[in-house]
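Remember, predicted model here, so these are calculated numbers, not experimental data. In this chain, numbering begins with 1 at the start of the sequence shown.
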Amino acid sequence: MALWSPDTPCSCDCFVSVPPASAIPAVIFAKNSDRPRDEVQEVVFVPAGTHTPGSRLQCTYIEVEQVLKTHAVILSRPSWLWGAEMGANEHGVCIGNEAVWTKEPVGEGEALLGMDLLRLALERSSSAREALHVITGLLEHYGQGGGCREDPTPFCYHNTFLLADRTEAWVLETAGRLWAAQRIQEGARNISNQLSVGTDISAEHPELRTHAQAQGWWGGQGTFDFAQVFSLTQQPVRMEAAKARFQAGRELLQQQKGGITAEVMMDILRNKESGICMDSGGFRTTASMVSILPQDPTQPCIHFLTATPDPSRSVFKPFIFGAGAAQAPQVLSPTFGAQDPIRTVPRFQTQVDRRHTLYREHQKALGLMDREQDQGQQLRQKQRDLEQEGLEAARGLLAGEWAPPPQELGGLFQAFVERESQAYA
């Protein structure tokens, strides 16, 4: 069944607030990506594109059919793979994914990773609902599977997704090719490394219930609870631990219900007591993201990304899609072409240095924070001042008090990356 051991790392959290839970008329999205501590996450900007009819697209392991047009996306991803753990597109769609194990066997064979599905959905959808249809359609056609970390040891899982746009959110949970989804039209919701869609199912795979009945997991009568029916009877240790983290995240959202802002979401992502912000042993929070999706379509969506590990010691920097949006080279990892271990067989037998410039500088800064108390405090204050400047710019933009030209808006993330780099220098 699932490939896991009691010590197998698995820990991620994703949050959304839909008015009236939000303090402003906007959907607020947030996610931590928790991965093996030596894994580097990069931030990648991919512009919109047009493609030749019948062309193929190489994902992490397999090829899929390409579509004629793809949307511009900003992605936070483990730098060794094609997909992403979180990201947004130019239409204000945000998606995050989490690992889960279910009664359905996990496929070791190479297929689409959940992170591939996430990126494909962002490139091909203009709403959260459409993104759900993209993922479920690809899941039906290609399936999900393959190694999910940069390591020769097999580590595979199924996926849950939190999808959001300016007006609503969806929780999509999968078990092999099967799935169930819950629509969130108001309030706050979080997901973690466990199934959480119960009886409140808004959409589902047409064979979901007949399959469960055929397997003897459900008697066919009475209420159908997806999480109860498809969850493993004996959960992996880390999925058991995720229950407490999921509950803590839900309580943190409830405490702030009606007043949830981007700053509130950042604080939740930085919460170490709950385990939401992780740094223990060989595992840590490797990147984070918070997005403001205004319900007013004339206002821009604002996405804050760290591009560095541990949000409690990182800077959330604003990104806005615009005419000047481009790749920030300091947060792009080096590439190795055909010699990349992901492209060779057997894969992952050698390691390459994927650290990008900002990652290297940030790690040196963390070392200084740990060694030199006074200098560390000064550097920490610089980080917070820079982040507050980005948040104030976002507030001014949404309030109509700041209206820079599109070129300047598109270059905002690059400017903040450069200023963070200067602070570390």
Side-chain angles (χ1 to χ4, degrees), residues 28-33 40-47 72-77 79 84 86-88 90 94 261-263 265-267 269-270 285-294 299-333 355-366 369 378-399 401-425:
I28 313 292
F29 171 92
K31 175 168 167 60
N32 268 352
S33 172
V40 178
Q41 290 233 3
E42 61 182 353
V43 172
V44 179
F45 171 74
V46 184
V73 296
I74 187 76
L75 307 169
S76 180
R77 70 180 190 183
S79 56
M86 51 192 157
E90 60 185 305
C94 294
T261 62
E263 295 97 315
M265 287 296 199
M266 290 175 188
D267 287 342
L269 295 183
R270 287 171 166 145
T285 301
T286 52
S288 306
M289 172 181 168
V290 172
S291 295
I292 305 172
L293 313 175
Q299 293 182 324
C301 296
I302 306 171
H303 312 281
F304 294 87
L305 304 103
T306 61
T308 54
D310 192 347
S312 70
R313 301 201 288 177
S314 288
V315 179
F316 283 92
K317 299 166 284 292
F319 175 91
I320 299 175
F321 287 94
Q327 176 66 52
Q330 297 94 331
V331 295
L332 186 66
S333 293
R355 294 175 296 171
H356 52 70
T357 301
L358 186 65
Y359 183 98
R360 292 172 182 270
E361 294 171 342
H362 180 259
Q363 295 305 291
K364 290 181 180 178
L366 293 189
M369 290 181 189
Q378 293 174 11
L379 184 54
R380 190 76 186 100
Q381 189 59 50
K382 287 183 179 180
Q383 286 183 315
R384 285 289 157 261
D385 289 345
L386 183 59
E387 183 174 285
Q388 282 301 314
E389 190 174 333
L391 287 165
E392 289 170 7
R395 283 191 287 267
L397 188 64
L398 296 177
E401 299 167 356
W402 181 50
Q407 195 76 18
E408 184 176 338
L409 277 182
L412 200 61
F413 183 73
Q414 173 68 55
F416 272 78
V417 168
E418 290 175 356
R419 292 180 59 192
E420 183 182 359
S421 181
Q422 290 167 5
Y424 297 151

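Counting all heavy atoms, side chain and backbone alike, L391 lies closest to A262 at CD2-CB, 4.2 Å. Minimum heavy-atom separation, V43 to A307: CG2-CB, 3.6 Å. Here the shortest heavy-atom pairing between A88 and C94 reads CB-SG, 3.7 Å. W402 and A393 get closest at one heavy-atom pair: CE3-O, 3.5 Å. The nearest pair of heavy atoms linking R384 to S312 is NH2-O, 3.6 Å. Between E420 and Y424 the shortest heavy-atom distance is OE2-OH, 2.5 Å.
Checking side-chain atoms of T306 against main-chain N and O of S288 turns up a donor-acceptor pair under 3.5 Å. Judged purely by atom type and a 3.5 angstrom limit, E263 has no side-chain atom pairing as donor or acceptor with the backbone of Q388. Using a distance-only test at 3.5 Å, with no hydrogens or angles considered, a donor-acceptor pair links the side chain of N32 to the main chain of L269. Within the 3.5 Å criterion, the main-chain N or O of V315 finds no donor-acceptor partner in the side chain of Q383. Checking side-chain atoms of E42 against main-chain N and O of S333 turns up a donor-acceptor pair under 3.5 Å. In this structure, Q299 contributes its side chain and P294 its backbone to no donor-acceptor pair below 3.5 Å.
Between H303 and F319, the two ring planes are tilted [angle within 30° to 60°].
Going from atom CG of L366 over to atom CG of D310 covers 7.0 Å, rounded to the nearest 0.5 Å. How far CD of Q407 is from CG of L412: 12.5 Å, rounded to the nearest 0.5 Å. Rounding to the nearest 0.5 Å places CG of L398 at 5.5 Å from CD1 of I292. Expressed to the nearest 0.5 Å, how far CG of L75 lies from CG of L305 amounts to 9.5 Å. Between F304 atom CZ and M266 atom CE the span is 5.0 Å, to the nearest 0.5 Å. With rounding to the nearest 0.5 Å, the separation of CZ in F29 from CE in M86 is 8.5 Å.
A 4.5 Å side-chain heavy-atom check between F413 and V331 finds at least one atom pair inside the cut-off. Between H356 and Y359 there is a side-chain heavy-atom pair separated by less than 4.5 Å. No side-chain heavy atom of S291 sits under 4.5 Å from any side-chain heavy atom of I28.
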Requested in this report: Using the salt bridge (Lys or Arg N to Asp or Glu O under 4.0 Å) rule, take D385 and K382 through it: C-alpha gap first, then chi angles, then the decisive distance, then the call.
Outcome: CA-CA 5 Å; D385 289 345; K382 287 183 179 180; over 6 Å; no
Query - Test side-chain contact (heavy atoms from CB on, under 4.5 Å) applied to F321 and I74, step by step - result: CA-CA 9 Å; F321 287 94; I74 187 76; 3.9 Å; yes
Requested in this report: Determine, stepwise, if the pair T308 / S314 fulfils side chain to side chain donor-acceptor pair (under 3.5 Å).
Outcome: CA-CA 6 Å; T308 54; S314 288; 2.7 Å; yes
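For E418, the side chain to side chain donor-acceptor pair (under 3.5 Å) partners two or more places apart in sequence, or in a different chain, are Q414.
The pair E387-R270 meets the salt-bridge criterion, with a side-chain N (NZ, NE, NH1 or NH2) lying under 4.0 Å from an Asp/Glu carboxylate O.
Side-chain atoms of Q330 and S421 form no donor-acceptor pair, as typed in the model, at a separation below 3.5 Å.
For R419 and F416, the positive end sits near the middle of the six-membered ring, less than 6.0 Å away and at most 45° from its axis.
L358 pairs with exactly one of R355, E361, R360 by the side-chain contact (heavy atoms from CB on, under 4.5 Å) rule, that one being E361.
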